[in-house]
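FYI, side chains are in, hydrogens and waters are out, and symmetry mates aren't considered; it's all heavy atoms of this structure. We name chains A, B, ... by the order of the sequence lines, and we start the count at 1 in each one.
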Amino acid sequence: MPPAFEPHAIEKHWYSTWNAAGYFQPSPRENSASGKPFVITIPPPNVTGVLHLGHALQHSIHDCLLRYHRMKGETTLCVPGTDHASIATEVKVLDLLQAMQGKSRRDLSREEFLQHAWEWKNKYGGTIIGQLKALGCSYDWTRERFTMDKGYSRAVLTVFKEWYDKGLIYRGYRLVNWSPGAQSTVSDLEIEFREVQGKLWHLKYPVVGTDEFITVATTRPETMLGDTAVAVHPDDERYKHLHGKNVLLPLMNREIPIITDAYVDASFGSGAVKITPAHDPNDYEMGQRHGLEMITVIGFDARMSEAAGEYSGQTREEARKAIVRDLQAQGLVEKIDDYTHSVGHCSRTGTIIEPLLSEQWFVRMKELARPVADAIKMNRVHYRPERFANTSLDWMENIRDWCISRQLWWGHRIPVYYGPDGEMKVSVEPITEEGWHQDEDVLDTWFSSALWPFAVLGWPDKMETEYYPTSVLITGRDILNLWVSRMILTSLYFVDDEIPFHDVLVHPTVQDVFGLRMSKSLGTGIDPMGLIEVYGADATRFGLLQLVTGAQDVRFTDEAERALGEDTVRRYLREKKPLPLEWNGKPAERYPQMQNARNFANKIWNAARFVLTNAENIGAVEPFNIETAELDMAGTWILERLSVTISTVTTALNDYQFDTAASTLYSFIWNDFCDWFVEVSKPRLRAADHAQIALLTHVLEVTMRLLHPFMPFISEEIWQRLPKSAAADSLCIAQWPAPAHAYGLMTDASAEAFAAQQRLFGTLDEADSRLGFTLVQETVSRVRNLRAEAKLPPSQKLKVTLVALSNEAAEVLREGVPYLLQLGNLEAVDVVTADAPRPQNAVSTALPEVEVFLPLEGLIDVERETARLQKELESLNKDLAIVEKKLSNPQFVDKAPPAVVEKEQAKRTELQSSIDKLSIRLREMA
RNA sequence: GGGCGAGUAGCUUAGUGGCUAAAGCACCUGCCUUACAAGCAGGCUACCGGGGGUUCGAGUCCCUCCUUGCCCACCA
């Protein structure tokens with residue numbers, strides 16, 4: 001074994017071995033307690049995508065859970081796949097064609113484009129899948145799906161037809177969100193509102209038949225060409241005399257009415273609003289209420305339409321300038337204020353959304369959404385953390401119809417066919433008859449992803465119902481409504497009122513070191529493949545899982561970014577310029593959180609190397625057997641620690657507390673096993689102690705099983721080198737440990753075995769655990785501390801006197817003498833009872849159970865020792881004061897639970913005892 | 001505008017009303033002690049964002065303010 005852990009070869013080897021052995025496919029298992037399969041479908045990443053840090057975090061969670069449940073003996077399945085991502089892919093492929101062949105959408109037919117798109121998909125669509133494999137994901141790749149594969153498409157078209165037949169899908173001429181960049185509609189959820197520094201123009205419209213003007217305020221003067229009314233609040237006294245009158249729309253010289261509507265806020269601006277029903281959602285609704293004419297003055301190309309008269313053909317921006325200029329020339333601009341407001345942008349292309357009237361397909365959402373709300377309220381779907389249930393409930397309360405048609409080519413083409421005589425048919429099978437043609441539009445990507453959990457299991461044909469509903473959906477909170485709510489909706493409707501998953505686990509969003517959103521193009525995005533390259537897949541997974549707390553956001557530290565400083569980074573992001581990141585340090589030091597995880601992997605590797613090397617040297621190792629083993633205090637202690645670790649990690653995983661699980665493993669392996677148990681084992685191993693190497697091997701073996709879901713590669717590599725006690729060819733399918741396994745009771749945590757464990761360790765569990773190896777550990781620490789404070793070289797052998805303050809403590813310390821000698825680097829330990837005289841010329845300290853004296857050769861530095869004792873005393877007195885304050889409060893003694901009061905009293909006794917001892921020492925010093 | 005989070009050591013974070021607020025990184029001191037210098041031993045560092053309240057007892061619960069992140073929303 002090499003002295004440093006080298007992850008890459010191991011990762012490659014084990015991944016292909018596991019995959020070939022079929023461990024990632026579901027198989028009937030015998031040991032599951034519940035008998036239920038554990039099923040996940042991954043959120044299908046965009047086929048255009050490459051893995052980003054959010055994915056890496058999400059899939060670390062996925063795979064950790066999968067491997068955990070697989071080891072628990074459950075039939076385990078994870079269906080992977082990719083999403084065709086209609087707009088994103090189309091934009092990407094078009095960009096590519098432009099760059100490589102100089103062709104734009106206009107130069108291509110639908111068929112030509114689709115051919116390019118499929119070629120592109122087949123060539124590059126597997127990138128992200130390969131990256132998931134590099135991370136170690138144990139998904140069933142034989143079931144990999146694509147949202148546009150044949151069966152999936154059938155599911156999509158079937159849903160469309162079914163809803164159409166039930167009247168839940170309809171075609172309508174409505175105001176929709178038009179993205180000029182994508183040349184398509186987008187849904188409400190795909191609009192990103194951004195704060196924009198704009199202006200508020202106050203325009204004066206002359207009232208017909210008077211010499212008055214009415215002033216309207218607007219952020220978009222160019223839309224005034226399409227105004228068909230001016231609205232005021234019915235109770236607004238300022239305008240009552242104008243009710244029923246008309247204004248003459250400037251520039252267009254069109255008479256439009258002054259109407260009244262309670263929607264108008266009399267306190268905003270002038271209290272009068274220009275109404276452009278064809279280009280504003282509110283105005284549209286008002287236009288419908290009042291039967292106003294709707295005049296489209298901006299076209300699909302985001303230029304002024306013919307209805308815009310002399311401005312026709314100008315862009316929105318040009319027209320705005322020209323119109324303001326022309327109005328100003330006529331003295332019709334009252335004033336222009338600076339105004340910050342939010343403007344909807346297309347989340348895909350970044351262009352400003354133009355509300356436009358057009359013929360589109362819609363899903364009637366209201367009645368479909370109601371059962372979803374019910375299911376959530378009745379706790380049939382469980383959100384973790386729970387508060388996220390509200391995100392869905394709020395959305396459904398004010399739900400609006402869903403525009404599902406997109407003017408794109410890449411996607412599921414709407415299965416509506418138009419006949420020669422104006423007939424219309426909806427059909428899952430293509431209609432090829434002469435004279436019929438299909439609707440040109442495709443469906444919103446999210447329409448198809450909404451069917452994911454059941455479509456991938458075979459619906460609408462033969463569905464594998466034994467895997468449904470799935471166990472847990474793991475997602476970021478940004479797509480809770482876009483995707484999660486809609487999956488619940490379709491499942492309740494199409495799969496027999498069944499929910500798609502029991503739990504929705506919302507994981508934190510990864511931010512950069514300053515708490516800012518990560519953006520790959522600007523340089524704050526971190527490439528997980530780079531992390532795997534530098535730190536290894538195990539460390540990357542572990543480091544990320546340590547970040548998975550219940551919080552909303554977690555920060556990913558990048559020292560290169562930190563070096564720039566927060567102000568600089570913010571400025572660059574605001575200006576949308578790539579960060580001038582450079583890193584001259586060691587590659588591993590750039591991301592400290594990952595470096596820590598990598599160091600941990602190396603620590604594990606070396607602990608294993610130590611155990612395995614010794615096992616080899618010592619020769620044939622008998623398996624550890626609790627019945628015949630003669631455990632001393634350290635052996636008992638490590639098994640107890642292991643047992644507690646098993647329970648804690650198991651509970652944490654059941655509760656999705658990945659940070660707790662990871663740090664529990666970390667501290668058990670590093671602090672308990674390596675720092676103490678491996679250390680105390682060394683002298684015994686030098687003496688070729690078979691029992692000790694058996695115990696070490698045993699603890700390591702169980703620990704590797706616990707570690708596997710977090711760090712699958714290194715745990716497998718080590719486990720395979722260990723003498724196998726569990727009947728499995730791979731850790732993937734080895735049994736997940738129960739507390740009884742810590743004690744070598746490998747027959748499963750049956751009642752009998754567990755009872756045996758309780759018999760053997762009952763005394764320990766109930767007794768004050770300090771009176772065991774823990775006391776030895778604390779005593780060692782005090783000795784080391786005294787040695788360092790006295791500036792004695794670590795190599796110098798010392799004598800120590802321990803004054804045990806009870807018989808029990810004396811007994812424990814006497815048993816622990818060999819450990820004290822070794823770990824404290826001592827040549828002699830003298831354990832005496834409380835009535836013995838204290839050594840002279842020594843530095844000392846006091847624990848509740850024992851006084852520690854370190855006699856010094858020659859004279860001690862009285863001044864230094866006095867200062868040290870005073871400091872120690874001060875800290876103890878401070879603690880005592882707190883306890884005293886509590887206990888002297890009659891209210892506390894009266895009202896607090898007796899157990900709490902007793903605890904405080906015991907604490908007071910202990911503190912007082914230590915203080916007395918130190919005070920005596922201090923007086924002797926003087 | 002509404003809602004949901006976060007603010008704990010220089011940094012990243014644990015902390016479930018009750019042991020003396022925990023860990024890693026960074027920093028300081030000393031060690032290559034034959035598993036690991038990606039290491040070992042020891043140490044320093046916290047008015048737990050400010051203020052008020054509830055309670056015998058608050059980092060933890062309530063109110064309020066400040067800072068900050070996210071989601072939702074049709075105020076021109």
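With distances taken from any side-chain atom of A/Arg517 to the nucleotides B/rC70, B/rG24, B/rG5, the minimum falls on B/rC70. Of the candidate nucleotides B/rG39, B/rC70, B/rG42, B/rG39 has the atom nearest to the side chain of A/Asn599. Ranking B/rA35, B/rA76, B/rA38 by closeness to the A/Asn602 side chain, first place goes to B/rA38. Taking only side-chain atoms of A/Ala607, from C-beta outward, the nucleotide of B/rC19, B/rA41, B/rA35 with the closest atom is B/rA35. Of the candidates B/rG42, B/rC70, B/rC56, B/rC56 carries the atom nearest the A/Asn889 side chain, counting heavy atoms from C-beta on. Among B/rA76, B/rC4, B/rG42, the nucleotide with an atom closest to any side-chain atom of A/Tyr263 is B/rA76. Of the listed nucleotides (B/rG69, B/rC44, B/rC56), B/rC56 has the atom at the smallest distance from the side chain of A/Lys895.
Between A/Ala272 and A/Val611, the residue whose closest nucleotide on RNA chain B is further toward the 5' end is A/Val611. Looking at which nucleotide of RNA chain B each of A/Phe673 and A/Tyr339 is closest to, the 5′-most match is held by A/Phe673.
Straight-line distance from the CG atom of A/Asn825 to the P atom of B/rA41: 14 Å, rounded to whole Å. Rounded to an integer number of Å, the gap from A/Ile399 CD1 to B/rC72 C1' is 13 Å. Straight-line distance from the CG atom of A/Leu665 to the P atom of B/rA23: 18 Å, rounded to whole Å. Atoms NZ (A/Lys885) and P (B/rG57) sit 9 Å apart, rounded to a whole Å. Straight-line distance from the CD atom of A/Gln595 to the P atom of B/rU12: 17 Å, rounded to whole Å. The distance from atom CG of A/Asp558 to atom P of B/rA26 is 16 Å, rounded to the nearest whole Å.
A/Trp395 does not carry A/Arg477 over the face of its six-membered ring by the limits of under 6.0 Å from the centre and within 45° of the normal.
In this model, no donor atom of one side chain and acceptor atom of the other lie less than 3.5 Å apart for A/Lys335 and A/Thr215.
For A/Glu616, the CD atom counts as loosely surrounded, since its 6.0 Å shell holds 12 or fewer non-hydrogen atoms of other residues, nucleotides or ligands.
Between A/Trp670 and A/Phe600, the ring planes are parallel. Angles under 30° get that label, and only those over 60° would be called perpendicular.
Residue A/Arg598 is in base contact, counting any heavy-atom pair closer than 4.0 Å across all strands shown. No contact: A/Val216 has no heavy atom under 4.0 Å from any strand. Within 4.0 Å (heavy atoms only), A/Gly515 reaches sugar-phosphate atoms of the nucleic acid but no base atom. Using a 4.0 Å heavy-atom distance criterion, A/Arg570 is classed as a sugar-phosphate-only contact.
Separating the C1' atom of B/rC47 from that of B/rG7 is a span of 16 Å, rounded to the nearest Å.
Nucleotide B/rG17 has no partner under the Watson-Crick or G-U criteria, as no pair reaches both atom distances under 3.5 Å. The partner of B/rG59 cannot be assigned: no Watson-Crick or G-U wobble pair with both contacts below 3.5 Å exists in any strand. Using the Watson-Crick or G-U wobble rule with both distances under 3.5 Å, B/rG1 pairs with B/rC72. The partner of B/rU34, taking Watson-Crick or G-U wobble pairs whose two distances both stay under 3.5 Å, does not exist in any strand shown.
A donor and an acceptor atom never sit less than 3.5 Å apart when one is taken from the side chain of A/Gln546 and the other from the base of B/rA23. Residue A/Lys903 places no side-chain atom within donor-acceptor reach of the base of B/rC19, judged by atom type and a 3.5 Å distance cut-off alone.
Between A/Lys603 and the phosphate of B/rC40, there is a side-chain N or O to OP1/OP2 separation shorter than 4.0 Å. A sub-4.0 Å separation between OP1 or OP2 of B/rU33 and a side-chain N or O of A/Lys682 is absent.
Across all their heavy atoms, A/Met224 and A/Tyr205 have their closest contact at CB-OH, 3.3 Å.
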